[in-house]
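Right, one structure below, let's go through it.
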Amino acid sequence: MFTCPLSEDAYLKLLERGDAPALFDLTDRSRTHLRRWMPWLDQTVSFEQTEAFVTASLRQYADGLGYQAGIWRGATLLGTAGLHPIDWPNRQSALGYWIGAENEGRGLVTMACRALLRAAFVEYGLHRMELRAATGNARSRAVAERLGFRLEGVVRDAEWLYDHYVDHAVYGLLEGEWREEV
Ligand SMILES: CC(C)(COP(=O)(O)OP(=O)(O)OC[C@H]1O[C@@H](n2cnc3c(N)ncnc32)[C@H](O)[C@@H]1OP(=O)(O)O)[C@@H](O)C(=O)NCCC(=O)NCCS
């Protein structure tokens, strides 16, 4: 999968080296918005660090471990969505995503995740997908619930966010439970 339409004008496209400037620019403009829930903002302060992330993502794809995609409208990058490196012995992966504040609330992340779930269950033939969100991250938890994930539990102090721990709500979806139209 290199590009995948999400709506009339939005699409998902594998992140490529040439996308690194747009990705760094969007990250840099979205720092305050993202820093609330993403742990890597302080390790992403230069273009080279974003470029290294894209290179690692392409390596992940080449190694058959899933991929990271951009959410685009025309030539404008709006956010990213991707699969965590696939755990092949257990046929599992997890979803990760973010979108710039100005494009929240349009359903683009849910649509991107639907495409990724299809890739996970149909193209890669995985058995289980996971989605973890900080318990307080209501928007992210709503994405999981909209997609039909089941809440499996809460991991306490699962992630260090700059100056405090957050608990994770762990959601799971098995291949037999996945319905494409959800
Ligand atoms: C978490 C995050 C990605 C959620 O983004 P989002 O825009 O709320 O999610 P979606 O794009 O799926 O949009 C959902 C909204 O669009 C609406 N919507 C419109 N059309 C829709 C459609 N076709 N399908 C689904 N939802 C649709 C939904 O009703 C919902 O509206 P609401 O916010 O008023 O309830 C975003 O808040 C974010 O990037 N946060 C910072 C980083 C982060 O937390 N990442 C996740 C870490 S686990």
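Predicted model, so just to flag it, every value in this text is computed and none were measured. Indexing begins at 1, ligand by ligand and atom by atom, following the structure's order.
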Working to the nearest 0.5 Å, report the span between CE of M38 and CH2 of W98.
8.0 Å
Of N137, I99, T110, L108, which has the heavy atom at the shortest distance from atom 39 (O) of ligand 1?
I99
Could you tell me whether some N/O pair between E104 and ligand 1 is separated by less than 3.5 angstrom?
yes
Return the option from R114, M38, M111 holding the heavy atom at the smallest distance from atom 43 (C) of ligand 1.
M38
Please report the shortest heavy-atom distance between I99 and L78, naming the atom on each side.
CG1-O, 3.3 Å
To check your reading of the model: name the closest protein heavy atom to atom 8 (O) of ligand 1, its residue, and the distance in Å.
R139 NH1, 2.5 Å
Do Y124 and R91 meet the criterion of a side-chain donor-acceptor pair at a distance under 3.5 Å?
no
Tell me whether S140 has any N or O atom under 3.5 angstrom from an N or O of ligand 1.
no
Which atoms of ligand 1 have any heavy atom of V109 under 4.0 Å away?
3 (C), 5 (O), 9 (O), 10 (P), 11 (O), 12 (O)
Close-contact set for ligand 1 against W37 heavy atoms, below 4.0 Å:
44 (O)
To check your reading of the model: name the closest protein heavy atom to atom 46 (C) of ligand 1, its residue, and the distance in Å.
Y97 O, 3.3 Å
Closest to atom 26 (N) of ligand 1 (heavy atoms only, candidates G107, P39, G105) is G107
Going by atom types alone, do E130 and Q92 pair a side-chain donor with an acceptor below 3.5 Å?
no
Minimum side-chain heavy-atom gap E180-F121 below 4.5 Å
no
Indicate, as side chain, backbone, both or neither, the part of W98 found under 4.0 angstrom from ligand 1 when only non-hydrogen atoms are considered.
both
Heavy-atom closest pair, residues D87 and N90
OD2-ND2, 3.0 Å
Rounded to the nearest 0.5 Å, how far apart are CD of E145 and OH of Y171?
3.5 Å
Roughly how far apart are D19 CG and T50 OG1, rounded to 0.5 Å?
11.5 Å
Please write down residue, atom name and distance for the protein heavy atom closest to atom 30 (C) of ligand 1.
R146 NH2, 3.5 Å
Heavy atoms only, cut-off 4.0 Å: how does R132 contact ligand 1, side chain, backbone, both, or neither?
backbone
Atom pair OG (S140) and NE2 (H168), whose distance is rounded to the nearest 0.5 Å:
9.5 Å
Measure R106 to ligand 1 on non-hydrogen atoms and call it side chain, backbone, both or neither using the 4.0 Å cut-off.
backbone
Less than 4.0 Å between atom 34 (O) of ligand 1 and some protein heavy atom, yes or no?
no
